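Throughout, protein chains are lettered first and strands after them, A, B, ... in sequence-line order, and every chain is numbered starting at 1. Because the structure is a prediction, the values reported are computed rather than measured.
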There are 2 protein chains.
Amino acid sequence: MSLENDPCHNHLLAALSEEERKRVFPDLELIEMPLGDTLYSPDHLIKHVYFPTTAIVSLLHVMESGASAEIAVVGKEGIVGISLFMGGETTSSWAVVQSAGYAYRLSGQRLKNEFFRAETLQRLLLRYTQALMTQMAQTAVCNRHHTVDQQLCRWLLLSLDRLPSNELTMTQELIANMLGVRREGVTEAAGHLQRDGLIRYVRGKITVLDRKGLEQRVCECYRVVKKETDRLMGGHPTL
Amino acid sequence: MSLENDPCHNHLLAALSEEERKRVFPDLELIEMPLGDTLYSPDHLIKHVYFPTTAIVSLLHVMESGASAEIAVVGKEGIVGISLFMGGETTSSWAVVQSAGYAYRLSGQRLKNEFFRAETLQRLLLRYTQALMTQMAQTAVCNRHHTVDQQLCRWLLLSLDRLPSNELTMTQELIANMLGVRREGVTEAAGHLQRDGLIRYVRGKITVLDRKGLEQRVCECYRVVKKETDRLMGGHPTL
DNA sequence: ATCCGTATGTACGGTTTCGTACAAATGATG
DNA sequence: CATCATTTGTACGAAACCGTACATACGGAT
């Protein structure tokens, strides 16, 4: 995976025009992203944006009590650091590497220069931002109305869509932090999925055995986000 | 209120440059917005954007089951229909008038033309969009971690910030739809607030008696959104 | 092979919210 | 004033989730 790295493994970079690639690609830096790395945190000025290829990044909010909740997830279909071109420069959320891997990094200034040329990149980034908003909105709805079992299915599928294999390195404790529930709640939900043969997990490794089964059990939230993302991000399959 | 209407009652319109106003204001239409009016719904092409002055609009998601949840609220500080300039043209949410009033309407094409001139309006709209994302993210977190009591406080304050008076026309049933909880849950929570002298309500009219009291009881979510909105929308107080 | 830190499993009472049912109060209408 | 639809109040068991405590299981290190 790390052997054959190519900016085009990120779907946004892959969709740029020839001229934009000529301008942008030379300035991209390949960055290794270890699990748990913090790309940015509230009130910290963002200096770079990240285009993940194999890594997955969680955007999460942490409350005064220490409780947390994931509000969106970004993988090879997206970009981390949208507040740079949106104009805020910082956000009230954290960006944390949820699954180790690689990303291409670009300086914030370079990105802004490209963005305000108003060519393909701008159109892509704005549409991607709308897709991200759909994900956040659906997360809010899911938090309100669905069970931990359903949310775990959703979370697994969202991760799976951004990974090359059907195996993810993730403890139940970490999943609990993402979903904003107790670790025991995840143990129980995961137990149900394992009992029914949909997944298998051993000490921080989860293997998805029956993706179709997960899709049957997941709440509508997953489908809504996927459908809208596909629509917004155009003909090319985004995930 | 309807006697002295002026586009500048909307904060985004008020913040435009002199030249932009000259171009845009002649094309604004003052629109009366009755309670419950639907401005757009999923998969319906959006033809106009709305700049509320006295009206308040809820962005809400409705699930297959019919259950709903508000994901953000837009008043005189914002604009309804951002998917127009974001590029999606439609959204997966509804925009419903939560509090009757007025808004200025602009054709989608006119807005897009202005947006892509990349002047003040673009900067404003992008930053506003980021503020909206903060609101959505915080709604997700609040749905996960806070009680109905706290969420009702948040909702009341968000509404209050967008209204001219301390009285809102709203049944508990409708609030329940917004918060995505049972009507009885709102009855109970509102009962607590009334018992403690923070509000008074009679059949669809809620009067806020003690705003400070609400602010003391509300969860951090309200403050986070307000602070971030103020930061993003610049020196001028946005609410 | 044993030890030890980490990860997962299980259990129990408490709280919040849900679903449902029905009663009471309000305000508009005739 | 009487009627009626709407809004609000109350009650009760069920379900989901929480907080806590503790047991078990795995896997790397000595």
Side-chain angles (χ1 to χ4, degrees), chain A residues 35-36 63 65-70 98 140-156 167-196 198-207 217 219 221, chain B residues 35-36 63 65-70 98 140-156 167-196 198-207 217 219 221:
Chain A
L35 176 64
M63 324 216 44
S65 70
S68 64
E70 182 182 86
Q98 177 205 107
V141 172
C142 201
N143 282 352
R144 163 63 61 218
H145 290 292
H146 296 141
T147 64
V148 174
D149 277 45
Q150 291 174 304
Q151 291 181 52
L152 177 58
C153 288
R154 176 173 64 87
W155 192 89
L156 287 171
E167 187 169 294
L168 40 163
T169 303
M170 183 60 52
T171 65
Q172 300 182 352
E173 173 87 40
L174 286 177
I175 297 178
N177 288 339
M178 303 292 177
L179 297 183
V181 299
R182 286 181 321 152
R183 193 268 311 161
E184 292 86 340
V186 175
T187 299
E188 193 165 357
H192 297 158
L193 296 183
Q194 175 157 262
R195 182 197 58 197
D196 297 347
L198 302 178
I199 66 173
R200 189 161 49 79
Y201 56 88
V202 192
R203 238 186 134 64
K205 293 258 180 237
I206 303 181
T207 310
R217 192 180 295 217
C219 50
C221 299
Chain B
L35 175 65
M63 324 218 43
S65 70
S68 65
E70 182 182 85
Q98 179 204 105
V141 172
C142 201
N143 283 350
R144 164 61 63 216
H145 290 292
H146 296 141
T147 63
V148 174
D149 277 44
Q150 291 174 303
Q151 291 181 51
L152 177 58
C153 288
R154 176 174 63 86
W155 192 89
L156 286 172
E167 186 168 293
L168 39 164
T169 303
M170 181 62 52
T171 64
Q172 300 183 354
E173 174 86 41
L174 286 176
I175 297 179
N177 289 339
M178 303 291 178
L179 297 183
V181 299
R182 285 181 320 151
R183 192 268 310 162
E184 291 88 339
V186 174
T187 299
E188 194 164 357
H192 297 157
L193 296 183
Q194 175 156 261
R195 181 196 60 198
D196 297 348
L198 302 178
I199 65 174
R200 190 161 48 79
Y201 56 89
V202 191
R203 237 185 135 67
K205 293 261 180 234
I206 303 181
T207 309
R217 192 182 293 217
C219 50
C221 298

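- Interface residues of residues 143-152 of chain B facing DNA chain C, ordered by number: B:T147, B:V148; criterion, heavy-atom separation under 4.0 Å.
- Between B:E167 atom CD and B:T207 atom OG1 the span is 4.0 Å, to the nearest 0.5 Å.
- Where DNA chain D meets chain A (any atom under 4.0 Å from a heavy atom), the bounding nucleotides read 5' to 3' are D:dC17 to D:dG27.
- Position along DNA chain D of the nearest nucleotide to B:R182 versus B:Q172 favours B:Q172 as the more 5'-ward residue.
- A:L152 contributes atom CG, which lies 8.5 Å from atom CD of A:Q172 (distance to the nearest 0.5 angstrom).
- Rounded to an integer number of Å, the gap from CG of B:N177 to C1' of C:dC18 is 15 Å.
- Annotation for B:R200: atom CZ does not count as buried by contact number, only 12 or fewer foreign heavy atoms lying within 6.0 Å.
- B:G185 comes within contact range of no nucleotide atom at all, as no heavy-atom separation falls under 4.0 Å.
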* Could you go step by step and tell me if A:R154 and A:H146 meet the side chain to side chain contact (heavy atoms under 4.5 Å, CB included) rule? -> CA-CA 10 Å; A:R154 176 173 64 87; A:H146 296 141; over 6 Å; no

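- Take B:L168 and apply the side-chain contact (heavy atoms from CB on, under 4.5 Å) test, not counting sequence neighbours, and it matches B:W155, B:L156, B:S159, B:L160, B:L163, B:I206, B:V208.
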So which protein nitrogen or oxygen atoms get under 3.5 Å of nucleotides 22-26 of chain C's nitrogens or oxygens?
residue	atom	partner	partner atom	Å
C:dT26	O2	B:R203	NE	3.4
C:dT26	O2	B:R203	NH1	2.8
C:dT26	O2	B:R203	NH2	3.2

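- Atom CD of A:E188 and atom C1' of C:dA11 are 11 Å apart (whole Å).
- B:C219 places a side-chain heavy atom less than 4.5 Å from the side chain of B:C142.
- For B:Q151 and A:R144, the side-chain atoms include at least one donor-acceptor pair closer than 3.5 Å.
- Regarding A:H192, its NE2 atom lies at a distance of 14 Å from the C1' atom of C:dT8, rounded to whole Å.
- The salt bridge (charged side-chain N to carboxylate O under 4.0 Å, His left out) contacts involving residues 177-190 of chain A comprise nothing, where partners must be two or more places apart or lie in separate chains.
- Although no hydrogens or angles enter the test, the distance criterion places a donor-acceptor pair under 3.5 Å between the side chain of B:S68 and the main chain of B:N177.
- Looking only at side-chain heavy atoms (C-beta outward), B:Q150 and B:R217 stay at 4.5 Å or farther from each other.
- Scanning for side chain to side chain donor-acceptor pair (under 3.5 Å) contacts around B:D149 gives B:H192, with sequence neighbours left out.
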